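Below you'll find the structure, written out as structure tokens, and then a few comments.
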Amino acid sequence: MKLEHGEKAIKFSEHLARAEIERRGVLPLTEVDPNLTVEEAYQVQLLTIQKKVEAGQRVVGKKIGLTSLAMQRLLGVDQPDYGHLLDGMVVENGGEISWDRVLQPKVEAEIAFILKKELEGPQVTAMDVLQATDYVLPALEIVDSRVADWKIKLQDTIADNASSGLYVLGGKPLSIDQLDLAQVGMVLYKNGEIMNTGVGAAALGHPAVCVAWLANRMAEFGLILKAGEVILSGALSAAVNAEPGDHFQARFAHLGEVNVRFASAR
């Protein structure tokens, strides 16, 4: 993933890297430079990922954000965004997350696609996605932000790898023809209490539509979705704040369960 980057991308990639190193949020990039564009924000993201890969991490998939109309309206945008999943982001189902791995985490429930064929835009359809999918799994995404107090606009979250943090895969592999993904219901619990519910159709009408959008958007940067990659297709309901000691569980119709706990001590 060797790309040429301008001074702005280098500057902002270092800006976000400081937040990780110092474990405290930084100013929004859109405050530092109100003229930052969406395309420039993606260049910041790609440079950050390139640096992490050069340092020994491995890209294992992608995540799609802002798939719900509610979140798009909140940020005043009309499209989703995406980020990269690295091997160091995986948390075992039922595992515990130490607080030093996160800054200001929120938890979302999603459907994860595991690909058996590559997808290369710009003309990928939802049917292409279904045919390229090996199986699906229930997932929890722990979104996080290197921007202080989640004061983000679209460009901020894109540059910050779509506010990626960690993710958990659960349940048992289920082939795509065994269920109607648009109709899959989900209940998200925090410490045994129902936080919210959702359905597959909440993600752009169908989770496969989200993955098709991703493949086509990535084609603009010369990137493809590869066989074996994990694709988090977008939240089925609102993100829920996490605090030390919290336990999260998502139950999906037909797909099973996935859960994770945050360690008690900061």
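Just so it is clear, the structure is predicted and the values come from calculations on it, not from any experiment. Every heavy atom of this structure was used, including side-chain atoms; hydrogens, water molecules and symmetry mates were not.
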Using modelled atom types and a 3.5 Å cut-off, is there a donor and acceptor pairing between side-chain atoms of [X] and backbone atoms of [Y]?
X      : Y      : value
Asp160 : Thr157 : no
Trp150 : Gln104 : yes
Lys63  : Ala162 : yes
Ser233 : Ile111 : yes
Glu118 : Leu225 : no
Asn216 : Val124 : yes
Thr48  : Val44  : yes
Asn93  : Asn259 : yes
Asn161 : Ser163 : no
Asp33  : Thr30  : no

Non-hydrogen atoms of [X] and [Y] that approach each other most closely:
X      : Y      : answer
Val129 : Ala208 : CG2-O, 3.7 Å
Asp246 : Asn241 : OD2-O, 4.2 Å
Asp144 : Val102 : OD2-CA, 3.3 Å
Ser164 : Arg146 : O-NH2, 2.7 Å

Could you label the plane-to-plane angle of the Tyr42 and Tyr82 rings as parallel, tilted or perpendicular, counting under 30° as parallel and over 60° as perpendicular? parallel
Side chain to side chain, [X] and [Y], heavy atoms closer than 4.5 Å:
X      : Y      : answer
Phe248 : Val240 : yes
Leu27  : Val147 : no
Leu86  : Met89  : yes
Trp99  : Ser264 : no
Ile176 : Val136 : yes
Leu179 : Leu255 : yes
Gln131 : Met127 : yes
Glu92  : Val168 : no

I'd like to know whether [atom1] of [X] has more than 12 heavy-atom contacts from other residues, nucleotides or ligands below 6.0 angstrom.
X      : atom1 : result
Arg23  : CZ    : yes
Lys190 : NZ    : yes
His247 : NE2   : yes
Lys151 : NZ    : no
Glu193 : CD    : no
Lys8   : NZ    : yes

So that I can tick it off, tell me whether Glu96 and Arg261 are bridged by a salt bridge, with the cut-off set at under 4.0 angstrom between side-chain N and carboxylate O. no
Considering only NZ, NE, NH1 and NH2 on the basic side and carboxylate oxygens on the acidic side, decide whether Glu141 and Lys106 come within less than 4.0 Å. no
Once rounded to the nearest 0.5 Å, what's the spacing between atom [atom1] of [X] and atom [atom2] of [Y]?
X      : Y      : atom1 : atom2 : value
Leu66  : Cys210 : CG    : SG    : 11.0 Å
Leu181 : His254 : CG    : NE2   : 10.5 Å
Leu29  : Ser13  : CG    : OG    : 9.5 Å
Glu7   : Lys11  : CD    : NZ    : 10.0 Å
Leu103 : Ser145 : CG    : OG    : 8.0 Å
Leu137 : Glu110 : CG    : CD    : 13.0 Å

If you link I, L, V, M, F, W and Y whenever their side-chain heavy atoms are under 4.5 Å apart, who else ends up in the same group as Val187? Tyr189, Ile194
Test ring pair (Phe, Tyr, Trp, His ring centres under 6.0 Å) applied to Tyr135 and Phe113, step by step: CA-CA 6 Å; Tyr135 56 89; Phe113 288 66; over 10 Å; no
Could you point out which residue of Glu20, His15, Glu22, Glu14 forms a side chain to side chain donor-acceptor pair (under 3.5 Å) with Arg18? His15
Side chain to side chain donor-acceptor pair (under 3.5 Å) for Gln45 and His84? Distances and angles first, verdict last. CA-CA 9 Å; Gln45 178 191 134; His84 293 68; 2.9 Å; yes
I'd like to know if the side chain of Gln155 pairs up with that of Glu40 as donor and acceptor (distance under 3.5 Å, no hydrogens or angles considered). no
Any link between Phe252 and Val199 through a network of hydrophobic side chains (Ile, Leu, Val, Met, Phe, Trp, Tyr) touching at under 4.5 Å? no
